[in-house]
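Step one of this worksheet: look at the structure below.
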Amino acid sequence: MNSIPLSQQARPAAPAGQASYLDGLNPEQRAAVEALDGPVLVLAGAGTGKTRVLTTRLAHILATGRARPWEILSVTFTNKAAREMKERVGRLIGQGVEGLPWLGTFHSIAAQILRRHAELVELKSSYTILDTDDQLRLMKQIIQAEGIDEKRWTPRFLGSLIDGWKNRGWTPDRVPEDQKWIFAEGAGQKLYEIYQARLQVLNACDFGDLLLHNLTIFQNHPDVLREYHRKFRYLLVDEYQDTNVAQYLWLRLLAQGSHNICCVGDDDQSIYGWRGAEVDNILKFEKDFPGAKVIRLERNYRSTGHILGAAAGLIAANRARLGKTLWTEDDPGEKVQVKGIWDGEAEARYVGDEIERWVKDGRKHSDIAVLVRASWQMRAFEDRFLTLGLPYKVVGGPRFFERAEIRDAHAYFRLVRSSDDDLAFERIVNVPKRGVGETSVQKLAQVARGAGISMAEAARMLVETDEIRGPARTGLKVFLRDLDRWAQMAETMRHDELAEIVLDESGYTAMWREDKTPQAAGRLDNLKELVRAMGEYDSLEAYLEHVALVSDLDTASDGDEVSLMTLHAAKGLEFPLVFLPGWEETVFPSQRALDEGGTASLEEERRLAYVGITRARERAVITFTANRMIFGRWQSVLPSRFVDELPADHADASSETGYYDSGPGFEGFGEPANPMASSYSSPGWRRYQAATNEGRKGSPPVIEGKAKLIDSAESSSKWRAGDRVFHDKFGYGTVRRADGAKLTVAFDKAGEKKVVDSFVRELP
DNA sequence: AGAAAGTAACTTTTT
DNA sequence: GTTACTTTCT
């Protein structure tokens, strides 16, 4: 791993100040690059040159001879970020970066470390990394084995619970008392123990374990930790605001050596709280790392003044933040556009039209991104783009390695490699159909468990007896014979050749060839692509290790396409023109955030909105609709509170059509209109509804007296404060405020809600 | 065992 | 609207 020729090691220290890589850095960036000693936190706002600082700092450490390439630990969150850093450092120091063996994601580096010390946590260094699918199936087995009702206590719930515990650095014995009761009347911790024991038998670990085992090793074996203290002279951490507790503990342990830890991040862009990320980590950095320097990067090189102003105004509503003020020397540019639209289809049509206009003006499709809160929102845009013939690509969509056919194929390969991989065995014994149904598999599992052997071994025994008969028996016999044969071939054959043979001879490819569903062809293509990708690795092991930690294959096609993606996927990217559709309550902020997480998760939604706006360089267009199809039902929806929070100075709600206005200062529902936005205050909502509805036919359908916005809007005085009403979903309630069609109702059970009057009726 | 039909549940976001 | 899962039937 550390095999770089001596000639490529530390280059002679360049006199500081003359180093060309420092040219063009602003004073703050330069300070962040040059502050090499002790802990440093770089608060890098959106578009302030974060990656540049990170890579230049790395180059600087090398160029000044402070450390050699393998003495620097650089961690990122995603593989993409790691790749980008490698590339850019390579360009800066003008040589290959194979010499940076410790640049990678938290998970890949933890996996490397774990391989070297696996025996210290009772694993073999050949351990496999389970994907979420395997994990869930394990959970399910355990829940069933323990006789717990899996309807009430789903494997998925247990999975995310255990995952959460791991993210907080809790091994089964450290789970706090009150947490144990979250699952199945106190069985949670016991199930966690059983799960870990199963993993150990399988010589496997899940994503969370990679970090957690590292922690266990470091805590129980100070000598090992010291080894890494000596090894890592500098630590660099990207996206620090996204670290969870386990990652934080891991970093803190490692930093005890040199104390030279530099974390780069932006608390305003912390959007992974739902996955265990702790904004707190970045908020308390100075406390955790005494003597830390904090450097703020606030000069933005990406967006226009208005875009920054709109984003700043929005994020100012958050309380838990360190506070930064982005500024730019660029033009103010044009204000952020905010537009209300009738429904989702019309929204997609509008976005499509705007895109065509932009392109007609000589700009490129690839300048444009459409950023949505959740992936289900993409379909409307895909539909529309397809009809218009607009070239587009979905970024971060269905992941290659998560597709069923790829997982099936991997299960075959894993099984050929080691026949005791029960999870793989179970996955594909009967794919394609071999007559081995559920009952046979149950029997195998039971025997295997009882005898402490693998399911493949159990199968070998049982096919010789009468325990399993009929088609299951012959099917298993053939399957076992094939496995043996392939295992033998593996000794001599190239792994990608073998892969092809396994897939063919097992009947797996044939299964898809005979499948007549439209996706079948794509699946066969994926399998071909899989075999091709395998060829790029030296061995099956190397390949499997890689895919376990990577979610996507490099997709090279950089055509001239509009990018369609979720807001999460957009972090770190930028586009001249950005569309932000779906800014409605319950969509964005999402219902889930509204229901569960309280203020914290609402603030996270707001940060997501902030991330969205700050992706735009020249122009940002926010849209919201009055009606949206959610869960297959038409619902009337209200503009997002984030729309109200946009400062009128930087956001423009007036629109060219007669549609009307809403938007900044849209008279937010019963509350005093935003004073900053008074110029926008207007009784626009009703006019907007009336106007739009007139221009539209048919959609959304008017169902069962619902969605009759027009009627209800016009009969504005049907309800008054104090009236008792009934709502299908929320039950009985008392009207608190009535503002045209919009009611604020205090429901007896559901609490205070804002609803449109067509959804309530008189008491039955 | 396997296919068809009917049902619940649900949609974030990723290593 | 979809998908994953369960029940029912052959």
Heavy atoms from other residues, nucleotides or ligands near CZ of Arg115(A) exceed 12 (cutoff 6.0 Å): yes
Cationic N near anionic O, under 4.0 Å, Arg628(A) to Glu584(A): yes
What integer distance in Å separates [X]:[atom1] from [N]:[atom2]?
X	N	atom1	atom2	result
Asn244(A)	dT14(B)	CG	C1'	12 Å
Trp250(A)	dT15(B)	CH2	P	16 Å
Trp376(A)	dC10(B)	CH2	P	16 Å
Leu211(A)	dT14(B)	CG	C1'	14 Å
Arg403(A)	dT14(B)	CZ	P	14 Å
Met565(A)	dT14(B)	CE	P	11 Å
Asp238(A)	dT14(B)	CG	C1'	15 Å
Glu545(A)	dT15(B)	CD	P	15 Å

Side-chain heavy atoms of Trp250(A) within contact of Ile109(A), under 4.5 Å: yes
Touch class at under 4.0 angstrom, heavy-atom based, for Ser590(A) against every strand present: nothing
Touch class at under 4.0 angstrom, heavy-atom based, for Tyr272(A) against every strand present: sugar-phosphate
Any residue meeting side chain to side chain contact (heavy atoms under 4.5 Å, CB included) with Glu146(A), in chain and number order, not counting sequence neighbours: Ile142(A), Ile148(A), Lys190(A), Leu191(A), Ile194(A)
Tyr272(A) six-ring centre to Arg275(A) NZ/CZ under 6.0 Å and within 45° of normal: yes
Distance only, no hydrogens: is a donor on one side chain within 3.5 Å (strictly under) of an acceptor on the other, for [X] and [Y]?
X	Y	answer
Glu426(A)	Gln141(A)	yes
Gln247(A)	Asp242(A)	no
Tyr392(A)	Glu382(A)	yes
Asn281(A)	Tyr240(A)	no
Lys140(A)	Gln135(A)	no

Upstream residue (5' side of DNA chain B) when Phe207(A) and Gly632(A) are each assigned their closest nucleotide: Gly632(A)
Verdict with reasoning, Val237(A) to Phe106(A), per side chain to side chain contact (heavy atoms under 4.5 Å, CB included): CA-CA 9 Å; Val237(A) 186; Phe106(A) 276 99; 4.0 Å; yes
Inter-residue atom distance Ile217(A).CD1 - Ile113(A).CD1, 0.5 Å rounding: 8.5 Å
Residues in ring-ring contact (aromatic ring centres under 6.0 Å, His included) contact with Phe575(A), at least two apart in sequence or another chain: none
Base versus backbone protein contacts along nucleotides 1-6 of chain B [heavy-atom cut-off under 4.0 Å; B, S, -]: SSS---
Side-chain (Thr625(A)) to main-chain (Ile341(A)) donor-acceptor, under 3.5 angstrom: no
Opening and closing nucleotides of DNA chain C in contact with chain A, under 4.0 Å to non-hydrogen atoms: dG1(C) to dT2(C)
Short heteroatom pairs, N/O only, protein and nucleotides 7-9 of chain B, under 3.5 Å:
none

Canonical and wobble pairing (Watson-Crick, G-U, under 3.5 Å) of DNA chain B, dot-bracket with |: ||||||||||.....
